[in-house]
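Order of appearance sets the numbers: ligands from 1, and atoms from 1 within every ligand. Owing to the predicted nature of the structure, the values given are computational and were not obtained by experimental measurement.
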Amino acid sequence: MAGFEPLAEELVRKSLAEAAQEDLSYSHGRIFGSMYTTPHEKALEGHKMFLEANLGNPGLFPGTAKLEREVISILAGLMHHHGADGYITSGGTESNITALWIARKLANGNLDVMVPRSAHFSVFKAIDLLGMNRVDIDLDSEFRMDLTDLENKLSKHQTAAVVAVAGTTELGVVDPIEKIGEMLDGTRIYLHVDAAFGGFVLPFMDKPAPPFDFSVKQVSSITLDPHKMGLSTPPAGGFLVRKPSWLDLTAFSSPYLTQEKALSLLGTRASASVASCWAVLRSLGHVGYVEVVSECMDKTRYLAKRLGEEGFDLVMEPLMNIVAIRTGKRLSSPAEVCKHMATRGWNLSMSVHPKALRMVVMPHINRINIDELILDLLEITHHLRPEVKV
Ligand code: 0PR
């Protein structure tokens, strides 16, 4: 028989419930390996009201389009340049691809992109997709882009762009963006900042963060993702450019739609998350995010302190809500530990530069989860390295 048979309503419902049951949930407090969390309740409420919205065809959804303009204006203010423009993307990957697409258009045939070894793989993907040349920049002793290596490799004649990271995926480190900007001053080299994670952390920290946004005048564009620490529902990435006219460089005529030209890489855009962003930004306000970040940082410091007390070797004092412990006497193989922790329902992840076990302390984590995590971590690392006394 061709095709697929319809199932009884009850069976459809039951199958969906069973599949949902198999998924992990942030609310169980065992996911330490993700930069995502349970979306804010207002985000969920906003999302549900706009399930049909598609800003790929904005003329049909002028209300959603208005919310997007307001979200972009808030994000532009947060990144210290009210004249910036942009749109909500499907995430950091799309934003990073778009940034380098624009950089390539502006680069008069230059194709080299300088990227720190700590960059997220979406940047490598973008370079590959756009047929550009990846030039890896080493990291300094604090895991930031090494300025000397960058200076040696930069070329006014070949470099199209530099990508810097504000909040690396692995360690939450911020590249020396002000210094990089100074190095690029007077050149036409495009500077993109990937603040997919840090963009919703750094502006809300109790200690002022090093300048990483449009306050550094050479910064050309920024990725910052509401669906990570912005507590919005996915998919919601943010993409901002310093000069609104740059958005036209990747625009295509869309004669059969309600707008003359389509700006974004994606056609159909899952736009309920735009309403979700608006709802959470407007509900929490700046002060609400300060509270979210402050709570995450308190729990991060607690986790780091407890791990230190138990003899684990921290890669560094956490700058953001990411803690990493090095491979060494106490921890032989992060991969093995992750695998064993997974059998007990934990989700942890690993970093490569340096080789470490990585934990992200998102808002769904509480202190009890941290205490339980450490107990299991002690048992498992002891079991893997029995010669080390617990
Ligand atoms: N830039 C940075 C600095 C990132 O950390 C990430 C994602 C991206 C760009 C890409 O963003 P999108 O995934 O929104 O396109 N970082 C996480 C990662 O890949 C995302 C993540 C983590 C996804 C854990 C799922 C997950 O379970 O590690």
Side-chain angles (χ1 to χ4, degrees), residues 23-28 30-39 75 86-101 113 115-129 139 143-145 162-175 177 192-202 209 212-213 221-240 264-266 269-270 273-274 276-277 319-324 334 338 341-342 345-353 356-365:
D23 286 355
L24 296 184
S25 166
Y26 299 111
S27 63
H28 296 158
R30 297 215 150 201
I31 301 182
F32 276 77
S34 175
M35 299 181 136
Y36 290 82
T37 192
T38 314
L75 298 186
Y87 44 87
I88 296 300
T89 63
S90 55
T93 302
E94 187 190 344
S95 299
N96 286 340
I97 292 172
T98 309
L100 288 182
W101 191 8
V113 183
V115 338
R117 293 187 192 278
S118 53
H120 186 259
F121 61 83
S122 56
V123 178
F124 307 150
K125 206 186 263 186
I127 293 170
D128 187 54
L129 199 61
L139 304 183
F143 308 102
R144 310 178 318 160
M145 187 175 340
V162 176
V163 177
V165 191
T168 56
T169 312
E170 295 192 327
L171 298 173
V173 162
V174 183
D175 284 329
I177 292 165
H192 175 64
V193 174
D194 181 356
F197 187 67
F200 271 92
V201 179
L202 295 167
F212 72 96
D213 58 15
S221 56
I222 302 178
T223 292
L224 76 161
D225 285 355
H227 68 194
K228 297 189 171 77
M229 280 294 284
L231 310 188
S232 186
T233 51
F239 177 62
L240 296 176
S264 59
L265 173 61
L266 297 192
R269 295 163 62 203
S273 42
V274 169
S276 152
C277 280
L319 297 169
M320 288 188 200
N321 42 333
I322 301 179
V323 181
C338 277
M341 288 294 277
W346 295 102
N347 164 255
L348 305 182
S349 67
M350 292 171 290
S351 78
V352 180
H353 302 293
L357 187 67
R358 161 183 176 270
M359 287 149 272
V360 191
V361 185
M362 293 298 286
H364 57 264
I365 301 295

- Close N or O approach (Arg358, ligand 1; < 3.5 Å): no
- Query: Do His120 and ligand 1 have an N or O pair less than 3.5 Å apart?
  - Reply: yes
- Item | N or O contact, Ser90 vs ligand 1, cut-off under 3.5 Å | no
- Query: How far apart are the closest heavy atoms of Ala99 and Ser221, and which atoms are they?
  - Reply: CB-OG, 3.7 Å
- Criterion side-chain contact (heavy atoms from CB on, under 4.5 Å) against Tyr87, the qualifying member of Val274, Thr98, Leu240: Thr98
- Note on the structure: Correct closest heavy-atom pair for Thr168 and Ile322 would be O-CD1, 3.7 Å
- Query: Numbering the atoms of ligand 1 from 1, which are under 4.0 Å from a heavy atom of His227?
  - Reply: 14 (O)
- Query: Looking at atom 28 (O) of ligand 1, what's its closest protein heavy atom, distance included?
  - Reply: Thr169 CG2, 3.4 Å
- Item | Ring centroid separation Tyr36 to His227 under 6.0 Å | yes
- Item | Minimum-distance pair of heavy atoms, taken over all atoms of Met145 and Pro116 | CE-CD, 3.7 Å
- Query: Under 3.5 Å between some N or O of ligand 1 and some N or O of Phe121?
  - Reply: no
- Item | Short side-chain donor-acceptor distance under 3.5 Å, Ser273 and Thr233 | no
- Query: What distance do Asn96 atom CG and Phe121 atom CZ have between them, rounded to the nearest 0.5 Å?
  - Reply: 11.0 Å
- In terms of atom number and element, which parts of ligand 1 are under 4.0 angstrom from non-hydrogen atoms of Gly33? 24 (C)
- To the nearest 0.5 Å, tell me how far Thr89 OG1 sits from Glu94 CD. 4.5 Å
- Query: Which ligand 1 atoms does Gly91 reach within 4.0 Å, using its non-hydrogen atoms?
  - Reply: 14 (O), 15 (O)
- For the residue pair Val352 and Met350, establish whether any side-chain heavy-atom pair is separated by less than 4.5 Å. no
- If we only count N/O pairs under 3.5 Å, is Glu94 in contact with ligand 1? no
- Note on the structure: Of all heavy-atom pairs linking Ile88 and Ala236, the shortest is CG2-CA, 4.1 Å
- For Ala196, counting its heavy atoms only, list the atoms of ligand 1 lying under 4.0 Å from any of them. 1 (N), 2 (C), 9 (C)
- Message: Which residue is it: Asn321, Asp225, Thr169? I am looking for the one with a side-chain contact (heavy atoms from CB on, under 4.5 Å) to Met35.
- Response: Thr169
- Specify the protein heavy atom at minimum distance from atom 22 (C) of ligand 1: its residue, its atom name, and the distance to 0.1 Å. Met35 N, 3.9 Å
- min-distance protein heavy atom vs atom 25 (C) of ligand 1 -> Tyr36 CE1, 4.0 Å
- Item | Per-atom contacts, ligand 1 versus Ser34 - under 4.0 Å to a heavy atom | 24 (C), 26 (C), 27 (O)
- Query: Short list, please: which atoms of ligand 1 are under 4.0 Å from a heavy atom of Asp225?
  - Reply: 11 (O), 14 (O)
- Side chain, backbone, both or neither: which part of Thr168 comes within less than 4.0 Å of ligand 1 when only heavy atoms are counted? neither
- Protein contact of atom 11 (O) of ligand 1 - nearest heavy atom, named by residue and atom, plus distance: Lys228 NZ, 3.0 Å
- Between the candidates Thr93, Thr223, Ile322, which shows the shortest non-hydrogen contact distance to atom 15 (O) of ligand 1? Thr93
- Heavy atoms of Trp101 and Leu265 approach each other most closely as CZ3-CD1, 3.9 Å
- Within-cut-off N or O pair, Asp194 and ligand 1, under 3.5 Å: yes
- ligand 1 contacted by Gly237 (non-hydrogen, < 4.0 Å): no
